[in-house]
Amino acid sequence: MSFLRRRSAATPAGPDFDVLAMDPGDWPGNLGAGLLPAPDGSCQGVFLRYDLFGGRGPAMVIGNLPEGSPARELDDDQVPFEVAQLLEALGNDEPVTVVESEDTPVMHEDNLLIVKRIKCSESRISCAQFDRSDGVLVTIASWDRPITDDLYALLKPLPAELFQQG
């Protein structure tokens, strides 16, 4: 899988791994991107926030967290980083926890993904996670919209230029 590899070219200003998400051109609203920097300047993750139709509120956050990212270190009932980001963007300060999770097989192109579907105490949140072959954890958190298998067909690597500075 060509998108499941670390970049070997010169160090970009952004992440040193391909970011798997929906192409901004495929989304009808606004896109925001954030990088999680480590003290040494390396990238500890990327999250993309898709706002529905320009300002009517965030609909989805997709995160890509490499191995060793502190954002991956969670307690058993703690929600993933992307869910917390989505709740913060929505202004929701009610405590939300993970209630249960289950593994489900899903096809992405010609590859089988084992997707962990996470059920949260806030029923309007849908959350799914899967590991890529390069150790990057992809998490999708959606507000008031179910995450269906069709969504995985829209995921693709975004161009590195999207994350370059200046």
Side-chain angles (χ1 to χ4, degrees), residues 1 3-6 14-22 27 29 31-52 57-109 111-158 163:
M1 295 171 65
F3 63 84
L4 302 184
R5 60 167 173 24
R6 290 200 169 269
D16 65 345
F17 51 90
D18 290 334
V19 175
L20 190 61
M22 289 191 315
W27 185 257
L31 171 73
L35 301 177
L36 300 173
D40 66 0
S42 65
C43 180
Q44 293 298 303
V46 174
F47 64 96
L48 294 107
R49 186 177 97 177
Y50 298 87
D51 287 349
L52 186 60
M60 187 179 304
V61 173
I62 299 178
N64 289 252
L65 301 175
E67 290 177 329
S69 175
R72 290 175 67 158
E73 298 171 16
L74 304 172
D75 294 332
D76 288 339
D77 65 344
Q78 188 177 0
V79 296
F81 173 79
E82 294 78 4
V83 171
Q85 289 294 309
L86 182 62
L87 291 169
E88 184 177 315
L90 290 164
N92 185 337
D93 56 359
E94 296 294 319
V96 176
T97 59
V98 171
V99 176
E100 66 180 88
S101 65
E102 70 173 314
D103 291 340
T104 308
V106 172
M107 291 301 294
H108 180 266
E109 296 174 353
N111 301 290
L112 180 66
L113 300 175
I114 303 301
V115 174
K116 178 194 245 183
R117 297 192 186 273
I118 299 170
K119 184 176 179 183
C120 296
S121 58
E122 168 54 74
S123 62
R124 292 175 289 182
I125 293 175
S126 295
C127 184
Q129 294 182 317
F130 62 90
D131 284 309
R132 296 180 354 194
S133 62
D134 62 356
V136 173
L137 177 66
V138 176
T139 302
I140 304 166
S142 175
W143 179 256
D144 212 19
R145 289 165 184 80
I147 297 172
T148 64
D149 292 355
D150 297 342
L151 176 64
Y152 300 103
L154 298 174
L155 298 178
K156 56 187 126 191
L158 298 181
F163 302 101

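- The CD atom of Glu122 sits 8.5 Å away from atom CG of Asp144, with the distance rounded to the nearest 0.5 Å.
- To the nearest 0.5 angstrom, Gln129 atom CD is 8.5 Å from Leu65 atom CG.
- Atom CG of Asp76 sits in a sparse spot, with 12 or fewer heavy atoms from other residues, nucleotides or ligands closer than 6.0 Å.
- Remark: Asp150 pairs with Thr148 by the side-chain contact (heavy atoms from CB on, under 4.5 Å) rule, at least two apart or across chains.
- Side chains of Ile125 and Leu87 form a contact here, defined as non-hydrogen atoms less than 4.5 Å apart.
- Side chains of Pro157 and Val19 form no contact here, defined as non-hydrogen atoms less than 4.5 Å apart.
- Of the charged side-chain nitrogens involved, none lies within less than 4.0 Å of a carboxylate oxygen, so that Lys156 and Asp18 do not count as a salt-bridged pair.
- Just one of Val61, Leu86, Ile118 meets the side chain to side chain contact (heavy atoms under 4.5 Å, CB included) condition when paired with Pro80; it is Ile118.
- Listed here is the closest heavy atom pair of Ala84 and Val79: N-CG2, 4.1 Å.
- Annotation: the span from Arg124 atom CZ to Leu90 atom CG amounts to 8.5 Å, rounded to 0.5 Å.
- The two residues Gly135 and Arg72 have their closest heavy-atom pair at O-NH1, 2.7 Å.
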task: Give the C-alpha distance, both sets of side-chain angles, the deciding distance and a yes or no for side chain to side chain contact (heavy atoms under 4.5 Å, CB included) between Val138 and Arg132.
output: CA-CA 7 Å; Val138 176; Arg132 296 180 354 194; 3.6 Å; yes
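- The shortest non-hydrogen separation linking Cys43 to Leu35 is SG-CD2, 4.2 Å.
- Once rounded to the nearest 0.5 Å, the distance linking CE of Met60 with CG of Leu48 reads 11.5 Å.
- Salt bridge Arg117/Asp149: present, at least one basic N to carboxylate O contact under 4.0 Å.
- At least one donor-acceptor pair closer than 3.5 Å links the side chain of Asn64 to the backbone N or O of Leu20.
- At least one side-chain heavy atom of Leu155 sits less than 4.5 Å from a side-chain heavy atom of Phe130.
- Annotation: Glu88, atom CD; neighbour count of heavy atoms from other residues, nucleotides and ligands within 6.0 Å does not exceed 12.
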- prompt: Going through the distances and angles, do Phe81 and Leu74 end up as a side chain to side chain contact (heavy atoms under 4.5 Å, CB included)?
  reply: CA-CA 9 Å; Phe81 173 79; Leu74 304 172; 5.8 Å; no
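- Taking CD1 of Ile140 as the start and CG of Leu151 as the end, the distance is 4.5 Å to the nearest 0.5 Å.
- Here the closest heavy-atom approach between residue Ile62 and residue Glu82 is recorded as C-CG, 4.4 Å.
- Two residues are said to be in side-chain contact when any heavy atoms from C-beta on lie closer than 4.5 Å; Cys127 and Thr139 meet this criterion.
- Minimum interatomic distance between Phe17 and Gly45 (heavy atoms only, all atoms of both residues): CZ-CA, 4.2 Å.
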task: Evaluate the side chain to side chain donor-acceptor pair (under 3.5 Å) criterion for residues Ser42 and Gln44: first the C-alpha distance (whole Å), next the side-chain angles of each, then the deciding distance (0.1 Å), finally the verdict.
output: CA-CA 6 Å; Ser42 65; Gln44 293 298 303; 3.3 Å; yes
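- With hydrogens and angles ignored, the 3.5 Å screen pairs no side-chain donor or acceptor of Tyr152 with any backbone N or O of Leu113.
- The OG atom of Ser126 sits 10.5 Å away from the CH2 atom of Trp143 when rounded to the nearest 0.5 Å.
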